[in-house]
Amino acid sequence: MAETLTITDNRTGRQYEVPIQDGTIKATDLRQIKVAPDEFGLMTYDPAFMNTANCKSRITYIDGDKGVLLYRGYPIEQLAEQSDFLETASLILSGELPLQKQHDDWTRQVTLHTMLHTNIAKLMEGFRHDAHPMGMFISTVGALSTFYPDAKEIFSPESRRLQTIRLIAKLPSIAAYAFRHSIGRPFNQPDNDLTYAGNFLSMLFRMTELKYQPNPVLERAMEVLFILHADHEQNCSTTTMRTIGSSHADPYSALAGAAAALYGPLHGGANEAVLRMLHEIGSINHIPAFIKRVKAGEGRLMGFGHRVYKSYDPRAKIIKKMADLVFDATGKNPLLEMALELERIALEDEYFVSRKLYPNVDFYSGLIYQAMGFPVDMFPVLFAIPRTAGWIAQWEEMLNDPDQKIARPRQIYLGSGPRNYVPREKRK
Ligand SMILES: CC(C)(COP(=O)(O)OP(=O)(O)OC[C@H]1O[C@@H](n2cnc3c(N)ncnc32)[C@H](O)[C@@H]1OP(=O)(O)O)[C@@H](O)C(=O)NCCC(=O)NCCS
């Protein structure tokens, strides 16, 4: 028997049967509930989408209470251990792990598209010397739509495939250019002999040597960090990608918007905020006073808490383990001791325990990035590169979903009723 929800409207005494499917009711099914026939009908009020599914998706699954994260059904722990970023991106985009031939073809295509048009380099040179790399990144990704006007063909699978390859290939190059610009060094061209992560490190850090040899530990760490950040279902930036994409904008414009959403300190800017917080705290002795201020509502413990995870973020566990390997290669980040102590105190404190606030992916990632030589301004950019795979997969899923239309929420209007315009000289 089909599951339904019976609703009795006390205003009219009428009863309604609303179908339940996949544990949800359709918000539009509530519109039939009204007192007078000319009324609009019942709506739901859900600021920040706290209890509203905006789409059906087959990409990423999260069980926030159990700390489970799956891409297309595969546990994040197995992918972080055994896969590399390009394979994971291919999985997220296509739904299946690629066969060897598919993987080789995909890798070759991405490798062939890493170069940037020289005018993109000129455009990036125009930024102020102290421009935030994420600001440069967002603007340049948006500008890509002017270089590839064929991207408007969003209903052509071939065009979507080409833009996908371009985005996955070129975003690390744009990120590296933004970094090089901010430190006043010439842009490095891509090296097609290297892996995805190895080439990125080369574009970032190569100096005068003819051939850059990435440190294998750091190269692998970069791959793992990319895998961990590749998708995370309907977060703020992904919702932005879907929302902009729902107006049938091209993927570069939509992705620039998604990256802008990622920039905020409550989302992709959180690891930057963690390091700034650790610097502000200054020493282990100051931690108890800092925790006291957080509990009094005078600020947040950055890198803690999550809208979905109400237990330890599985990505944070993987990063925490990986930190030791990275620090063996780079030397220890002096802020690590403070982070460990903060975590220890917070996990024992009733305030954090009762609110189920645990370290999230950003709590330790910043320490690793810093040890690898990245300035904090680069952190959100490092997040945006791999998330591109998730954004594009979610955008395509949205375009191919017959249930989707242009995103357009409702509002509850609480403002003034109709009133007449008063000329300025007569206003009181
Ligand atoms: C991620 C985040 C935005 C989720 O927010 P949310 O789901 O809207 O949760 P709320 O803001 O409703 O918080 C619930 C309660 O926990 C508290 N809380 C949440 N995160 C907190 C944090 N990092 N430090 C201190 N208190 C926190 C809130 O003050 C609130 O307490 P209250 O019920 O007494 O008012 C939030 O936890 C946060 O700001 N974390 C720090 C930023 C961060 O690390 N972001 C990266 C996410 S990957």
Side-chain angles (χ1 to χ4, degrees), residues 45-54 60 62-65 67-69 76 134 225-240 258-281 286-320 335 338-339 341-370 376 379-387 390-391:
Y45 175 56
D46 190 10
F49 305 115
M50 296 288 288
N51 195 37
T52 294
N54 177 39
T60 293
I62 301 174
D63 183 331
D65 291 326
V68 170
L69 169 61
I76 191 68
M134 193 61 174
L225 284 158
F226 281 173
I227 292 170
L228 299 183
H229 286 90
D231 193 48
H232 213 231
E233 51 118 311
Q234 309 313 314
N235 50 75
C236 177
S237 57
T238 302
T239 304
T240 306
L262 186 71
Y263 195 2
L266 295 188
H267 191 7
N271 49 11
E272 180 174 348
V274 170
L275 279 219
R276 292 197 201 287
M277 173 189 77
L278 292 173
H279 278 293
E280 260 168 51
I281 297 174
H286 299 154
I287 290 178
F290 173 77
I291 295 271
K292 205 167 156 196
R293 284 204 302 281
V294 169
K295 285 160 62 176
E298 299 165 22
R300 290 203 158 184
L301 175 49
M302 298 313 286
F304 259 67
H306 199 274
R307 172 64 58 79
V308 180
Y309 292 118
K310 300 303 169 196
S311 67
Y312 214 104
D313 181 337
R315 300 166 301 169
K317 264 188 209 157
I318 297 168
I319 292 189
K320 197 176 170 188
L335 298 174
M338 234 194 309
E341 181 62 5
L342 255 182
E343 180 187 335
R344 190 190 64 73
I345 294 182
L347 292 183
E348 285 173 1
D349 192 299
E350 202 276 330
Y351 175 95
F352 297 92
V353 174
S354 64
R355 289 170 178 76
K356 299 191 174 164
L357 300 171
Y358 293 89
N360 60 47
V361 68
D362 295 309
F363 193 65
Y364 288 106
S365 62
L367 293 172
I368 296 185
Y369 290 142
Q370 197 177 48
V376 286
F379 294 178
V381 178
L382 296 170
F383 190 156
I385 293 171
R387 184 53 59 87
W391 285 331

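Counting starts at 1 for both ligands and their atoms, in listed order.
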Closest protein heavy atom (residue, atom, distance) for atom 18 (N) of ligand 1: Leu357 CD1, 3.6 Å
Identity and distance of the protein heavy atom lying nearest atom 1 (C) of ligand 1: Gly305 O, 3.6 Å
Atom 11 (O) of ligand 1 touched by protein heavy atom at under 4.0 Å: yes
Any pair counted as side-chain hydrogen bond (donor to acceptor under 3.5 Å, both in side chains), so long as it reaches residues 270-281, sequence neighbours left out: Asn271-Ser365, Glu272-Arg276, Arg276-Asp377
Distance from atom 45 (N) of ligand 1 to nearest protein heavy atom, with residue and atom: Leu266 O, 3.3 Å
Atoms of ligand 1 close to Leu301 [distance to a heavy atom under 4.0 angstrom, numbered from 1]: 22 (C), 23 (N), 24 (N), 25 (C)
Nearest-neighbour protein heavy atom for atom 25 (C) of ligand 1, which is reported as residue plus atom name and distance: Val294 CG1, 3.5 Å
Protein heavy atom at shortest distance from atom 42 (C) of ligand 1: Met302 CE, 3.4 Å
Arg300 and ligand 1 - part of the residue with a heavy-atom distance under 4.0 Å: both
Numbering as shown, the atoms of ligand 1 that approach Gly303 to under 4.0 Å (heavy-atom distance): 43 (C), 44 (O)
Atom indices of ligand 1, in the order listed, that fall short of 4.0 Å to a heavy atom of Asp362: 46 (C), 48 (S)
For atom 47 (C) of ligand 1, closest protein heavy-atom neighbour: Asn360 ND2, 3.6 Å
Arg307: numbered ligand 1 atoms lying under 4.0 Å from its heavy atoms: 4 (C), 6 (P), 7 (O), 8 (O)
Per-atom contact, atom 14 (C) of ligand 1, protein heavy atoms, under 4.0 angstrom: no
Proximity flag Tyr351 to ligand 1, non-hydrogen atoms under 4.0 Å: yes
Nearest-neighbour protein heavy atom for atom 31 (O) of ligand 1, which is reported as residue plus atom name and distance: Arg355 NE, 3.1 Å
